[in-house]
Amino acid sequence: QVQLVESGGGSVQAGGSLRLSCAASGRDFSSYGLGWFRQAPGKEREFVAVISYSASNTYYADYAESVKGRFTISRINAKNTVYLQMNSLKSEDAAVYYCAADHRGVGTREILDYEYWGQGTQVTVSS
């Protein structure tokens with residue numbers, strides 16, 4: 001069982017930056033694929049970024065086209081934490097951001113592949 005707690009959300013002006021954190025409790029954090037998703041009011045939850053498991057400290061990362069080049073996902077297994085650095089924020093990035101864990105370690109874009117979810121953290125971007 002894995003419990004995930006997001007933090008770092010808040011209000012920022014367009015063009016600004018935020019760093020989201022997701023702290024995990026439970027065993028075997030290093031073996032999980034970890035993803036970030038977001039959901040804006042009236043919209044479906046969507047994929048943002050994912051980072052895979054790795055036995056060699058070389059991780060696979062994937063990003064939605066809408067955030068590529070602006071967002072960076074990273075993980076520190078010793079801290080049981082995954083991060084999402086968000087730069088050059090736009091009004092369309094405003095949403096509740098969720099982290100999720102996939103025990104298979106692959107890391108995919110598919111919501112249904114993730115067994116564990118955090119409660120979310122709100123990101124507001126003002127223009």
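The two atoms that bring Val2 and Tyr116 nearest to each other are O-CD2, 3.4 Å, heavy atoms only. Of all heavy-atom pairs between Ala40 and Ala95, the closest is N-CB, 3.8 Å.
By the salt bridge (Lys or Arg N to Asp or Glu O under 4.0 Å) test, Glu92 pairs with no residue at all, sequence neighbours left out. Partners of Asp102 by salt bridge (Lys or Arg N to Asp or Glu O under 4.0 Å), not counting sequence neighbours, listed by chain and number: Arg104. Residues passing the side-chain contact (heavy atoms from CB on, under 4.5 Å) test with Gln13 are Ser126, sequence neighbours excluded. Residues passing the ring pair (Phe, Tyr, Trp, His ring centres under 6.0 Å) test with Phe37 are Phe47, Tyr114, Trp117, sequence neighbours excluded.
Applying the disulfide (SG to SG under 2.5 Å) test to every pair with at least one member in residues 51-96, sequence neighbours left out, gives no pairs at all. The salt bridge (Lys or Arg N to Asp or Glu O under 4.0 Å) analysis of residues 25-44, with sequence neighbours excluded, yields the pairs Arg38-Glu46, Arg38-Asp93. For the ring-ring contact (aromatic ring centres under 6.0 Å, His included) condition, no pair includes a residue of residues 14-36, sequence neighbours left out. For the disulfide (SG to SG under 2.5 Å) condition, the pairs that include at least one residue of residues 20-64, sequence neighbours left out, are Cys22-Cys99. For residues 3-20, no pair satisfies salt bridge (Lys or Arg N to Asp or Glu O under 4.0 Å), with sequence neighbours left out. Listed by first and then second residue, the disulfide (SG to SG under 2.5 Å) pairs that reach into residues 30-70 come to none, sequence neighbours excluded.
Distance alone, capped at 3.5 Å, places no donor-acceptor pair between the Arg109 side chain and the Ala64 backbone.
Going from atom CZ of Arg70 over to atom OG1 of Thr72 covers 11.0 Å, rounded to the nearest 0.5 Å. Separating the CG atom in Leu18 from the CZ atom in Phe71 is a distance of 9.0 Å, to the nearest 0.5 Å. The structure places CD1 of Ile51 at 10.5 Å from CG of Leu84, a figure rounded to the nearest 0.5 Å. To the nearest 0.5 Å, atoms OG (Ser127) and NZ (Lys90) are separated by 13.5 Å.
Connection of Tyr98 to Val125 is not established within any shared hydrophobic cluster, with ILVMFWY side chains joined at heavy-atom distances below 4.5 Å, either directly or through further cluster members. Linking Ile, Leu, Val, Met, Phe, Trp and Tyr whenever their side-chain heavy atoms come within less than 4.5 Å leaves Leu34 and Ile111 in two separate clusters. Cluster annotation: Ile73 and Leu20 are assigned to the same hydrophobic cluster (Ile/Leu/Val/Met/Phe/Trp/Tyr, side-chain heavy-atom contacts under 4.5 Å, transitive). There is a path of hydrophobic side-chain contacts, each under 4.5 Å, that joins Val12 to Val48.
Grouped by direct or indirect side-chain proximity (heavy atoms under 4.5 Å, Ile/Leu/Val/Met/Phe/Trp/Tyr only), Tyr53 sits alone. Taking Ile, Leu, Val, Met, Phe, Trp and Tyr as members and joining any whose side-chain heavy atoms lie under 4.5 Å apart, directly or through other members, the hydrophobic cluster of Ile76 also contains Tyr83.
The shortest distance between side-chain heavy atoms of Thr108 and Val50 does not fall below 4.5 Å.
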Working for side-chain contact (heavy atoms from CB on, under 4.5 Å), residues Val106 and Asp113: CA-CA 9 Å; Val106 174; Asp113 286 342; over 6 Å; no
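Atom CD of Gln3 sits in a sparse spot, with 12 or fewer heavy atoms from other residues, nucleotides or ligands closer than 6.0 Å.
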